[in-house]
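Single-structure report; data block below.
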Amino acid sequence: MGLQQYWGKRDFKLTHEPRGKVEKSGRQLAFYIQKHDARRLHYDFRLELQGTLKSWAVPKGPSLDPNDKRLAVEVEDHPVEYGTFEGDIPKGQYGAGHVMLWDKGTWEAIGDPVEGYRQGALKFRLNGVKLRGKWALVRMKAKPGEKDNQPNWLLIKEKDEEARHGPEAQITETATASVSLIQDDGPALESVDGDLAMEAAPTKQMPDLIKPQLATLVTQAPQGDQWFSEIKYDGYRALARIEHGDVKIYSRNGNDWTNKWKNLAGALAKLPVESAWLDGEVVAFDEEGGISFQALQTSFKLGNEADLAYFIFDLPYLNGHDLTKQPLKQRKLLLQTLLESQGKQGPLHFSEHLEGHASEVLKHACMHGLEGIVVKHAESPYQQRRSSDWLKVKCGQRQEFVVAGYTDPSGRREEFGALLLGVYDEEGMLQYAGRVGTGFNQGSLRLIASQFKTLHINNPAFANPPTGRDALGAHWLKPTLVAEVKFAEWTSAGRIRHASFVGLRDDKAARHVTHETAQPTERLAGSGEGVKNSSQSSPSPVEVANIRISHPSKTLFTDGGFTKLDLARYYESVANWILPYLKDRPLSIVRCPEGYDQHCFFQKHVSLDSKSHLKAVNINTSDKNSEYFSANNLSAVIELVQLGVLELHAWGSRSPKTHLADKMIFDLDPAPGLSWGNVTEAALLLHGLLEELELRSFVKTTGGKGLHIEIPIKPEHSWEVVKEFTHGIARHLQTHAPDRFTTNLSKKKRDGLIFIDYLRNSAGATAVVPYSTRAKAFAPVATPLDWDEVGPEVQADTFNIGNVMTRLENMESDPWKDYLQTKQRLSAKLLQMFT
DNA sequence: GCGGCTA
DNA sequence: TAGCCGCAACGCACG
DNA sequence: CGTGCG
């Protein structure tokens, strides 16, 4: 204990490293991780304990995967002051090379840390920028003969919600920036100034004004983990400039609105930064606690900003450093740390984001009545203009219009009837765009009408003023008011339909109001990862597995935005997983050439030309022969994709012995209203029964509502025998739990029962193939599960073509790895028991 | 998506 | 030759 | 026997 070893190794005349001293106890314990590019790159992991930093050199750095155990070689204690050191240690000195502060924060021991350290089993929780949650350091036994002055430990992530698997866990790869610019409000441990190394974050004078980065309106959310989805806040864009406690808040046009938002300015002044530019949206909460544009305007009027909040989503400058060239994910990481240092109360909020799955996020956002989402590319710099790295996807249509007139009220309506709206065209002419007469309340009617007085003019400002019935009782206004209106669609005549008033805006100049048109997403979102769009809008065939794919960019799944090429690429990537379950099985297919939500049809006979990779299968029934087909290789599967096949259903027997079942299958189908818990409970019950019968069974999601349980068997019984057996099993369950199960197809609707469909066990009957897509929203995939996974986490439609590959790549082993090797038979005894 | 039939 | 149409099938349960 | 349903 102590720093003698530390001091002994260094010549403080030659190195900038701090000399340091043993700190007094009684404050929060700090931890630091320094990325040290010495003779060998390694990470120095340091925990403050008893006044010094216990230190370990971790060659491979920390991993968020609890399965990764990282060697941590204990080294001499360092002074606490050393933790923030960044800079170069001169050649010839101990540890020569560059030191970068990779993470910092506080830690708390789980149990007694001193005792834990002594015993060689230290469990603790980290609260840093990059590392969070539970961790453990475990000392290994010294090998005999090994020098024991450098004990080896293992640094292990404990299982918790901060744990990750696969590529996500490699945080040293994904989070590479220095955390030195993040101020902590702990004790003033002066950073020893090496070269303050935030690569490519040059120190420069903070600009007086910055222009907000704007998002491009698109119709579809982009796919891929590299896109971050944020809520599209329904408020006012606001950029805040902080310099030594002096705060200014600017609107998106650069108007100084600090005085309107004194509370926010006050809160911003308390942030632990020397200087910063923050970008976000000011919103108001309505009575129900929801975010409300109208409430925001009311607060303006009344000068009451008690319920205002500032949702901050970007940080272009910090402490004199220009972060605009840094990737968004780094800026948000810094921002999050900065804001969380303030606790959860107060009007300043971090605008959270979700990574990937943007179209699903959009769906949820819309269901919750939000305006839409903003999707931002994780690697993009901050650009002071409209760019395609920020995309906005709206739930309904909604945009601003110039108010250039109004009509007289009728009936009991006060003030006015409807607003006459317009947008400027490319020539700068104000085009009439229709009217909005609903969505107002008493307050907004009066508020708006009060603004009319000074704006009356004699002639319409429209280039094409409404005429006839539309112009009845119209009064013309100078086109300065801007109203936000939601509506269903634009008509071909350039009018809006089903318009409803949302609010007046005064952060946007009327002359900038134009007809917003959404861009097709694929052209803009091409850099997304994962399933990619082909990016051609005109038909331009591509080849997958030597099969020509026509119209590769045709969208087959509107909600997920998955195209025909996406589908082909999906099957290409799961080829090794799906082909074993297709081999020699006659297929039925579901084809939806125009997309899953358009006309779909079943097919079990296809015309096979000489070039086809599909294999003909002749089934000779007593009366006539008929030709079915199977897909035994990838090209055959892709051929089906080209035909618009969205579902693959296979027989439970293989050619040539198609008359003998080689699997049994139970389809657990919940009645409407049943919870997922009912389904999993039923599956586990059936699993238990099968175990008792010593039958190995395998479970998969269907991509629809239920689960499939498959039991591979030796092909030796006819379909009649197997069906009777499965019927017997189903009847058994129904008899023993009539409150949960039914085997009756038409009574299925009745009550809240799980229908055990055993009818798939007959000649010619089919079930969806493992890893087949389903013709449903978001391209769900029927996915094999481990029995351990049967529970609330995984639902029937959890996996889709956007996430199945990630699952497969990260799995320790195939949950169905024994399926193909399972050799089991239905013994005479079993058959007797259940028939 | 495409082959086959019809007009 | 353009346009339209079909593209599965079978057992069960109910009325 | 037709029809709804998987």
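Residue numbers begin at 1 in each chain, while the letters A, B, ... track the order of the sequences.
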Quickly work out the His599(A) NE2 to dC2(B) P distance and round it to whole Å. 16 Å
Nearest-Å distance, CG (Leu608(A)) to C1' (dC7(C))? 14 Å
Taking OP1 and OP2 of dC14(C), is either one under 4.0 Å from a side-chain nitrogen or oxygen of Asn744(A)? yes
Is the distance from the ring center of Phe834(A) to that of His732(A) below 6.0 Å? yes
Below 4.0 angstrom from OP1 or OP2 of dG1(B), is there any side-chain N or O of Lys564(A)? yes
Provide, to the nearest angstrom, the distance between the CZ atom belonging to Phe629(A) and the C1' atom belonging to dC2(B). 14 Å
Can you check the Leu643(A) CG to dA8(C) P distance for me, whole Å? 13 Å
What about Phe725(A) and His727(A), are their ring centers closer than 6.0 Å? no
Using whole Å, what does the distance between atom P of nucleotide dC5(D) and atom CZ of Arg760(A) come to? 16 Å
Would you say Thr563(A) and Asp566(A) are linked by a side-chain donor-acceptor pair, where the criterion is simply a distance under 3.5 Å? yes
Any Gln642(A) side-chain nitrogen or oxygen under 4.0 Å from OP1 or OP2 of dC2(B): yes
Which is true for Glu594(A) with a 4.0 Å heavy-atom rule: it touches a base, it touches only sugar-phosphate, or it touches nothing? nothing
Could you give the distance separating dA8(C) and dC5(B) at their P atoms, to the nearest angstrom? 15 Å
Pairwise 5' ranking along DNA chain C for Thr766(A) and His727(A), keeping only the more 5' one: Thr766(A)
Salt-bridge present (Lys817(A), Asp786(A); N to O < 4.0 Å): no
Taking only N and O in the side chain of Lys723(A), is any of them less than 4.0 Å away from OP1 or OP2 of dC12(C)? yes
Using only side-chain N and O atoms of His605(A), determine if any of them is under 4.0 Å from OP1 or OP2 of dC7(C). no
Given atom NZ of Lys604(A) and atom C1' of dC10(C), what is their separation to the nearest angstrom? 8 Å
Rounded off to whole Å, could you give me the CD1-to-C1' distance for the Ile589(A) and dA8(C) pair? 11 Å
Rounded to the Å, how far apart are Arg591(A) CZ and dG3(B) P? 10 Å
Under 4.0 Å between a side-chain N or O of Ser607(A) and OP1 or OP2 of dC2(B)? no
His605(A) and Tyr628(A): aromatic ring centres closer than 6.0 Å? yes
Give a yes/no answer on whether the side chain of His649(A) brings an N or O atom under 4.0 Å of OP1 or OP2 in dA8(C). no
Any strand counts, and the cut-off is 3.5 Å on both contacts for Watson-Crick or G-U wobble. Which nucleotide pairs with dG4(B)? dC4(C)
